[in-house]
There are 2 protein chains.
Amino acid sequence: MDEARLDALFLTTPANWRYLTGFSSQTWAVITRHRFLIIPAKGDPIIVCPRTNLIAVRETTWVNDVRIWEAPNPADDGVSLMVDALRSLAGRHGRIGAELGPESRLGFPVGDFMRIAREIAPLEIVDGDHLLRRVRMVKSPAEVARVRHIATTASLAYEALPPRLQVGDSEREVVAKLKGDLVARGVEQSPYLICVSGPGGYTNINSGPSDRVTKPGDILIMDTGSSYDGYFCDFDREYAFGPPSDPYRRSYDLVWEATERALAAAKAGVRMSELWHVMAEALGGAEKARSSNVGRMGHGLGMQITEPPSLHPNDHTVLVPGMVITIEPGLGFLNPEGEKRVLVHEENVVITETGCELLTRRAPPSVWVVA
Amino acid sequence: MDEARLDALFLTTPANWRYLTGFSSQTWAVITRHRFLIIPAKGDPIIVCPRTNLIAVRETTWVNDVRIWEAPNPADDGVSLMVDALRSLAGRHGRIGAELGPESRLGFPVGDFMRIAREIAPLEIVDGDHLLRRVRMVKSPAEVARVRHIATTASLAYEALPPRLQVGDSEREVVAKLKGDLVARGVEQSPYLICVSGPGGYTNINSGPSDRVTKPGDILIMDTGSSYDGYFCDFDREYAFGPPSDPYRRSYDLVWEATERALAAAKAGVRMSELWHVMAEALGGAEKARSSNVGRMGHGLGMQITEPPSLHPNDHTVLVPGMVITIEPGLGFLNPEGEKRVLVHEENVVITETGCELLTRRAPPSVWVVA
């Protein structure tokens, strides 16, 4: 914080809260009430929260300085408590870091944010999220163990599915089967569980499930961000309803091979951009690599389904041991009817000194076929 | 918008998007990429979104003017497209409404928001969320039908649970049983499903589930915000592990009766604050009514688990037909060991001209007892 010339950090989102204090509560799903965490450059952290959160704060965090208000109070939902707290922390830098930068969100109304910024002037609010991003990017063994647990659990659920599927299942029914099994296996949340199906392939990887009923010749993809003890997996698997077409099988082989190349190349010291080029080459060049329309071929993973860095030609982040990333190559192709389809594979790995360790159970070298 | 002196609204969160355009995609769970919806005071809506969202936008919305960029691009994630679009809409008011007010969130980084605000000056960004809040507060019959569906579904799942529970189940096991049943019944998401248990009662209603194992004499509460077709229920149910104590039964009777009084009093023309006082009187006065530490005794409900208005003595919103609200009285009491406990009941209703219609199946007049 001193390097970044900040007197304090002021944080309002679940991942940063849990990472720094242990705070764990589903209260984040309800946006009426919000809460503030202050990490001063010197001295103890401060939590400013509604009275309703007091017990969860006492039970799950190690923070002692907890200041509460009676919420909801639209006229002053913690604003004056925050103004007092931040003013008292003004130090030699005159700057407070908040969650403002790329891939951040603010956990309370922007109107209140602007009020706090006005009232603490000349103290200035600047981005402090990049500090947390940098620290959180490298996972401890305890964090890696949680991602491994959820990635293994979801892998087993995906693998158990083929004999339970049949032509005629709707996308919604397929998702319900997977989700029911995930719940039975102890998964906490599956906030992301998409499903797209279509003749000879799917058109995108972020819509569905719909009521569309599967037919012979369909390819179906599911992709889930599911969590265990606060940590996420993020990967997909595909199912063919009957024997897949040649164009699909050729694309599958190519993307499977691109994943193999990335798994062989990923290790400490390699740049994300270099890893992108390894996959692009396997797929047949940069244009091919962009034809999946996903915009990148992987990303960081942890307390959020997606975290920096990006597997993108412009992201030159150097991999270090403990980074957890997704490997997510894909491409566009035409099905036998000449319609545009995409194919995207995804695995989760942790970077080591000499390579990487697969956290998911590897997708099969040929697509699972539903009988 | 003209009354509020706005040239356009600029919206970035899932409920407002879905309400106005139909956009439905789990892509919101991933915060790397964000998207913008512009509703001009005159002319057609504009969507500015990453290429990855194009198919979901085409398939689920009626918006024709869709402008895309290749995301992620931290240097310009839609910012210059937004600046161009907003500048072109500057009209006689010189003001753009965004989601800034109470109970709002912004769906993209605040750093980018401040950049857009600077670059479109002298066009000014002010709160426009209150307009959507006002419109969304009153539900159409089609919206009420969706809340009724999910509230009935969750009611049936709660009711089916007692014979499936036993002393010795952990809170996590109890939640997995309920969640598995909700999934089997076609529930889409249960982003809020808390569980708290304790001897003779529970201490709060927003933590858990934990690994705590239930014991004879425990009371366990679950509360879920679950969704169907984009609409939520939000209500709780309680389970006694063995015969409940006298202090608990007396409190249960009191809170059940307070709910009855509110169900009888809620109708078009009544103020939220008046309904609060009806319940407070049944509970034994304002101090008693505040002793649950929840801060209010109900709230609006719809595309979000909590929406305005609040059942609070300071919220004088007048009920009108079509409003969907929760009725959520509670109080604090002492268990036989003299420890502080709370008891909170919750039902969901829609307001009619002459009264209200229960959307949940009413909680039993005596607590369910696990054999």
Side-chain angles (χ1 to χ4, degrees), chain A residues 24-27 29-33 50-56 59-60 70-74 77 98-111 113-114 127 172 176 179-180 183-184 186 189 191-194 203-207 225 293-296 299 304-306 310 312 314, chain B residues 24-27 29-33 50-56 59-60 70-74 77 98-111 113-114 127 172 176 179-180 183-184 186 189 191-194 203-207 225 293-296 299 304-306 310 312 314:
Chain A
S24 167
S25 163
Q26 293 179 55
T27 189
V30 174
I31 67 166
T32 297
R33 301 180 188 86
R51 180 185 293 280
T52 43
N53 284 148
L54 194 53
I55 290 174
E59 283 181 354
T60 65
E70 308 293 332
N73 177 14
D77 262 322
E99 290 146 311
L100 310 185
E103 301 191 46
S104 74
R105 293 290 184 276
L106 202 68
F108 71 112
V110 177
F113 172 80
M114 296 192 298
D127 180 55
R172 270 188 224 285
K179 202 180 261 190
V183 170
Q189 289 282 355
Y192 192 75
L193 206 178
I194 64 95
T203 58
N204 73 95
I205 58 159
N206 61 28
S207 64
N293 286 338
V294 174
R296 58 180 178 178
H299 52 81
Q304 291 169 266
I305 302 174
T306 66
S310 283
H312 188 281
N314 295 342
Chain B
S24 168
S25 162
Q26 293 178 54
T27 189
V30 174
I31 67 167
T32 296
R33 301 180 187 84
R51 179 186 294 277
T52 44
N53 284 148
L54 194 52
I55 290 175
E59 283 180 355
T60 66
E70 307 295 332
N73 178 13
D77 262 322
E99 292 146 308
L100 309 185
E103 301 192 44
S104 74
R105 294 289 183 277
L106 202 67
F108 71 112
V110 178
F113 171 81
M114 297 192 297
D127 180 56
R172 269 188 225 283
K179 202 179 263 192
V183 170
Q189 289 282 356
Y192 193 75
L193 204 178
I194 64 96
T203 58
N204 74 93
I205 57 160
N206 61 28
S207 63
N293 285 337
V294 175
R296 60 181 178 179
H299 53 81
Q304 291 169 265
I305 302 174
T306 66
S310 283
H312 187 281
N314 295 342

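Letters A, B, ... are given to chains in the order of the sequence lines, protein chains preceding strands, and every chain is numbered from 1.
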Residue from A/Thr27, A/Thr32, A/Thr203, A/Ile205 scoring the most non-hydrogen pairs under 4.5 Å with chain B is A/Thr32
Among A/Leu193, A/Asn53, A/Asn314, the residue with the most heavy-atom pairs under 4.5 Å to chain B is A/Leu193
Using side-chain heavy atoms (C-beta onward) and a distance below 4.5 Å, is A/Asn293 in contact with B/Thr52?
no
Applying a strict 4.5 Å limit to non-hydrogen atoms, the region of A/Ile194 in contact with chain B is both
So, the part of B/Ile305 with a heavy atom under 4.5 Å from chain A: the answer is side chain
Looking only at atom types and distance, does a side-chain atom of A/Arg51 sit under 3.5 Å from a main-chain N or O of B/Val294, one as donor and one as acceptor?
no
Counting heavy-atom pairs under 4.5 angstrom with chain A, the leader among B/Pro191, B/Gly295, B/Ser207, B/Ala98 is B/Pro191
When the 4.5 angstrom heavy-atom criterion is applied to B/Ala184 and chain A, the contacting part is neither
Practice item. Examine distances only and state if a side-chain atom of A/Ser25 and a backbone atom of B/Asn206 form a donor-acceptor pair shorter than 3.5 Å. Key: yes
Is it the case that the side chain of A/Arg296 and the backbone of B/Pro72 share a donor-acceptor pair, with hydrogens and angles ignored and the cut-off at 3.5 Å? no
Okay, B/Ser310 and chain A: the region with an atom under 4.5 Å from a heavy atom over there is side chain
Do the non-hydrogen side-chain atoms of B/Glu99 and A/Val110 ever get within less than 4.5 Å of each other?
no
Smallest heavy-atom separation, A/Leu100 atom then B/Pro109 atom, equals O-CB, 3.6 Å
The reported gap from CG in B/Leu106 to CZ in A/Phe113 (rounded to nearest 0.5 angstrom) is 10.5 Å
Of the listed B/Glu103, B/Arg172, B/Gln26, the one with the largest count of heavy-atom pairs under 4.5 Å with chain A is B/Gln26
Given B/Ala56, B/Pro102, B/Ser104, the one with more heavy-atom pairs under 4.5 angstrom with chain A than any other is B/Ser104
The interface call for A/Ala176 against chain B, heavy-atom contacts under 4.5 Å, is both
Of A/Met114, A/Glu70, A/Gln189, the largest count of non-hydrogen pairs under 4.5 angstrom with chain B goes to A/Gln189
